[in-house]
Amino acid sequence: MKLFRNNHIRGLAMLLLAAIPAGVSAADLNVRGKVLAQGSGKPLEGVVIVDLATDLLLGTTNAFGEYSITADENTTLQFEVLGCKDLQEPVKGRIEINVSMFPEAEMLQEVVVTGKSHYKGLVLPPADLILEGNDITLKTTVTIPHQLFSSSARMIIQPAIYNVTTRTVNYLKPVVFDGFRYNATQHRMLDWDASKDPLNDFVQVKKTSRRADDTIFISDKLRVDNPRHDFMCVVFSSMENYNRIIYADTTRIARGTVNPMRFLSYSLNGVVMTDENYIPKPEVQLRDASGQVKLVFALGSPNLDLSMGDNTAEMNKMLREFEIIQSDPDMTLKSFTIVGTASPEGPYAVNKKLADSRMHSALDKIMAAVPEATRRNARIIYDSNVAGWPEVEKLLRADGLTSEADAVKAVIDANAGNIDRQTRAMRALPFYKTTLLEDYLPRLRKVEYRIVSSRYRPLTESEIVELYNKDYRTLSPYHFWKLYTESADTARREEIMRRALEIHPEFITAASDLTALTIDCDRADESILKPFAPDMADVAAVRKFPLEARYNLAVASMAGNHYSYADSLLYDMPDDARFHKAKMYCAALNGRYASVLQEIAEESPFNEVLMLLALHNNSRAYEKSRQLGESAEEEYIKAIAANRMADADAANGFLYLEASTHLANAIRKKPELLDTARIDGDVIDLLDEDGNLPDDEFSDTE
């Protein structure tokens, strides 16, 4: 057993009081500074600063670890706070003193006061810290012996919950118990102002006989971020008269939290966004399309003869394209290119002029058939040329006339650079009239058109993939959504969604669907949707939040042990097939056991025992637990049930032995359960002082 020094406890209890006024002498200094935790550098709030020379409380630090006090220039200051070693620092005439205090997690575990005589201290029975959702509830009583108390005294009782895991302290509501004379004196002080007394709202005045003990009821609740942390409850108490502290004490009344629901087993799936208001609409882009038309001409003629070849069909095809462009509001004519070509059998200059005439003749006729509105912003490109003899050679080879092609090539090579001499030499070839003039040269007398139009249309999947691979930063929310919804590969879907949020951080559909994916992969991540979440106090905003996003955020929050937050999200959601199971288990995790007991019991006998334990129906839970299997978790729950029955029937040593055996079996099968047992108020008393199973427990199970 170890007790804190009286002035340490006095300082902590007086934390909620204004500092005791002290006379200021000529050697006094106004000292300021900051107190940090050594190692982490975090500011320490509520550090008590005591003058060692006078044993007076000078002040405390604020939420930023800052303090401002008046102290003698030659005194030594002592800094005291729960969870850290006391630190002494001489003033030595300094007006700024910054210190770092060393955290000492084991200190609180040694603060255990037991077996007090009835008249030497407060009577504080052991209590349970009940955990429901993210709320830790403390309900206990404190008896103040009349032998300890007097009418001219004030007793301050300050319960606090210490998070052993994070080494942080949260103070619950204090109890300020005044003797009648002390309370009357407070009110008669010349400068007393109730509005400036932080303890005034907590004052109770002794109304019983001076020979009667008083029982004070303590009931308070603390919301914690992570209910899986290790907690203990300590009560600081001090009593003062008008001049000094006359009694101080610290008692640990609870270690660990009573929370059988920590073992609740359930499985929930994510849901994809189906709300049409949040699914991106198909987007269109201006994309080019082109078509070609080839018209042929008679030898030496600049005029188009529609009866030749496929001229009629080709012309109709071209006009239909113009009609489509004209009638489609999402299309526009981008460019129109026309090239007239003459065959090379005559003089080059004549052929060039003929090609130009053909091009202009056809252009005029076609443009007359195309509305001005359609071609207003189009780019009209025209040109004319004379086909060369190498083109004839190419056509011959394509048709398999190799010897003829070789003969043409020989003429070209012999008259390189002079097309007119090539033409004259070609006429001497034996197959000129029968083959070239009749079959091949007519193919070169033509006008070719190329129509390029632009049309607004959705990109195809292949086009989106191409853009994504080239530069995903150019994609719109719709394109990202289209990609990841059509991908069957989980890793690729996740990559696409994360990139979508990188480029479009406001894209709530991708955030919701990504959260659903992490839920299905058993690594639920609530941080993805948290930036989108509305203020939970704004009911209208919560109701406007898309249902799928609310659900996914709630399920991810449940996985992150933020049960109260999840409950706020799910509470008024539709109780349909998609959401019912999550609402059911969230209700159980938040303490509404009776309303969902039957449904959960039907799903799992194991969960039924947990629910009965949560409802403190211990005898029924014990009987049901005996029907469970022998897995590590089932053995652990059997230990809880048996230990509760042992507490109710202290004379039954068999129940205690049964509980110890089940706990040993559980830890043997799953050693990490020992860490759970060390923070579990239901079984922590089955461990030894060092937080381990007694040695004989393991020997019984081997």
Problem - Lys/Arg cation over aromatic Y565: K530, 6.0 Å, 45° cone - result: yes
Practice task
Could you note down all residue pairs passing ring pair (Phe, Tyr, Trp, His ring centres under 6.0 Å) where residues 594-635 supplies at least one of them, sequence neighbours left out?
Solution key: none
Problem - From L529 atom CG to Y551 atom OH, the distance as rounded to the nearest 0.5 Å - result: 13.0 Å
Handout entry: N-O pairing of R255 and E689 below 4.0 Å
Key = no
Problem - Note: R644-D647 ion pair, threshold 4.0 Å (strictly below) - result: no
Problem - For K139, all residues meeting side-chain hydrogen bond (donor to acceptor under 3.5 Å, both in side chains), sequence neighbours excluded - result: none
Practice task
Compute whether any side-chain donor of one residue and acceptor of the other, for E658 and T661, lie under 3.5 angstrom apart.
Solution key: no
Handout entry: Partner set under side-chain hydrogen bond (donor to acceptor under 3.5 Å, both in side chains) for N200, not counting sequence neighbours
Key = none
Fill in the blank from the handout: Taken in chain and number order and not counting sequence neighbours, the residues that satisfy side-chain hydrogen bond (donor to acceptor under 3.5 Å, both in side chains) with D135 are R223
Exercise for the section: Would you mind listing every salt bridge (charged side-chain N to carboxylate O under 4.0 Å, His left out) that reaches into residues 601-623, with sequence neighbours excluded? Expected result: E608-K624
Practice task
Please round to the nearest 0.5 Å and tell me the distance separating atom CG of N163 and atom OG1 of T168.
Solution key: 4.5 Å
Practice task
Sort and list the pairs that fulfil ring pair (Phe, Tyr, Trp, His ring centres under 6.0 Å) and have at least one residue in residues 662-690, not counting sequence neighbours.
Solution key: none
